[in-house]
Amino acid sequence: MLNFSEASERNKRPICQHLIPYFTDEMRVLEIGSGSGQHALYIADQLPQVFWQPSEQPQYVEALALNLEQYAPQNIAPPIPLDVREEWPERTFNAVFSANTLHIMSWSCVQAFFAGAGRSLAPNGYLIVYGPFRYQNAFTSMSNQAFDQMLKARDPNSGIRDFEAINALANEAGFMLVADYEMPANNQLIIWQYTEQD
């Protein structure tokens, strides 16, 4: 598999276990930042009622497509190019999922992420984000603090995000917090539901 991620391999099972209660019916899921496709491959295989749409920034789509062509079950669509700052698909999805992306985006991209998710989700759809967060201006672990320093040394516009700021963005985009699960390796799985209707 191209661009194999050890972190994705470790966290795909616990993520999937938490998604099971929310993905009970046939539904369409848009993944933002699919990377190597490991989450798509595992979750689509475990939950055959889910139709999974992977996406990546345009320059990474070809490598992602190679992985998916080799391994993908039938309920995974070919990946699409998607830059969160550009046009998103419109309201065809029951859930938007993204893992380990918000801390490598600039804040303007994080804002675009929440706005775009609101445009792409059907009413009552779920927005699901996995990754590290800070709470009340504090890191949840020393390792996360060191990770944040590394991220900012590489790109000052990146870094572990404050949950309170992220939740405020979600609220502004029409989302209500449903769950915040503690996950392995000092990560969180946060789930919002889209409540704003036209």
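Hydrogens, waters and symmetry mates are skipped; everything else that's a heavy atom, side chains included, is used. Remember, it's a predicted structure, so these values are computed and weren't measured experimentally.
Between I80 and P89, the shortest heavy-atom contact is CD1-CG, 4.1 Å. Between G159 and L151, the closest heavy-atom pair is CA-CD1, 4.1 Å.
Proximity of a side-chain donor or acceptor of E69 to a complementary backbone N or O of P78 within less than 3.5 Å is not detected. Between the side chain of S34 and the main chain of E56, no donor-acceptor pair closer than 3.5 Å is present. Within the 3.5 Å criterion, the main-chain N or O of D155 finds a donor-acceptor partner in the side chain of S158.
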Pairs of donor and acceptor atoms involving the side chains of residues 129-141, under 3.5 Å and at least two apart or interchain, shall be tabulated with distances.
residue, atom, partner, partner atom, Å
Y130, OH, N187, ND2, 3.1
R134, NE, D162, OD1, 2.8
R134, NH2, D162, OD1, 3.1
R134, NH2, D162, OD2, 3.4
Y135, OH, D180, OD1, 3.3
Y135, OH, D180, OD2, 2.6
Y135, OH, Q188, NE2, 3.4
T140, OG1, N144, ND2, 3.0
S141, OG, S143, OG, 2.9
S141, OG, N144, N, 3.0
S141, OG, N186, ND2, 3.3

Distance-only criterion, 3.5 Å: show the donor-acceptor pairs between side-chain atoms of residues 20-28 and protein atoms not counting sequence neighbours.
residue, atom, partner, partner atom, Å
Y22, OH, Y181, OH, 2.8
R28, NE, T92, O, 3.1

Identify all side-chain donor-acceptor contacts of residues 108-118 below 3.5 Å with residues at least two apart in sequence or on another chain.
residue, atom, partner, partner atom, Å
S108, OG, S106, OG, 3.0

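For the residue pair H39/N11, the side-chain donor-acceptor check at 3.5 Å is satisfied. In this model, no donor atom of one side chain and acceptor atom of the other lie less than 3.5 Å apart for W192 and N171.
Heavy atoms of other residues, nucleotides or ligands lying less than 6.0 angstrom from CD of E90 number 12 at most.
Following chains of ILVMFWY side-chain contacts shorter than 4.5 Å, one cannot reach Y126 starting from F51, and the two form parts of different hydrophobic clusters. I104 and L127 are members of different hydrophobic clusters when ILVMFWY side chains are connected at heavy-atom separations under 4.5 Å. Linking Ile, Leu, Val, Met, Phe, Trp and Tyr residues whenever their side-chain heavy atoms come within less than 4.5 Å leaves V61 and L82 in two separate clusters. A single hydrophobic cluster is not seen to contain both L189 and I160; linkage of ILVMFWY side chains at heavy-atom distances under 4.5 Å, directly or through other members, places them apart.
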Does the side-chain contact (heavy atoms from CB on, under 4.5 Å) test come out yes or no for E172 and L169, once each step is laid out?
CA-CA 5 Å; E172 290 169 10; L169 279 183; 3.9 Å; yes

Residues I43, V50; criterion side-chain contact (heavy atoms from CB on, under 4.5 Å); working and verdict
CA-CA 8 Å; I43 297 171; V50 172; 5.5 Å; no

May I have the step-by-step check of side-chain contact (heavy atoms from CB on, under 4.5 Å) for L121 and W88, ending in yes or no?
CA-CA 10 Å; L121 277 173; W88 285 53; over 6 Å; no

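In this structure, CG on L64 lies 12.5 Å from OH on Y60, to the nearest 0.5 angstrom. Considering CG of N124 and CE of M176, their distance stands at 8.5 Å, rounded to 0.5 Å. Distance check: M183 CE to H18 NE2 gives 4.5 Å after rounding to the nearest 0.5 Å. A distance of 10.5 Å separates OH of Y71 from OG of S36, quoted to the nearest 0.5 Å. Distance check: L102 CG to I32 CD1 gives 10.5 Å after rounding to the nearest 0.5 Å. Rounding to the nearest 0.5 angstrom, the gap separating the CG atom in N67 from the CD1 atom in I76 is 10.5 Å.
At a threshold of 4.5 Å between non-hydrogen side-chain atoms, the residues I190 and I128 do not count as touching. The shortest side-chain heavy-atom distance between S55 and P79 does not fall under the 4.5 Å cut-off.
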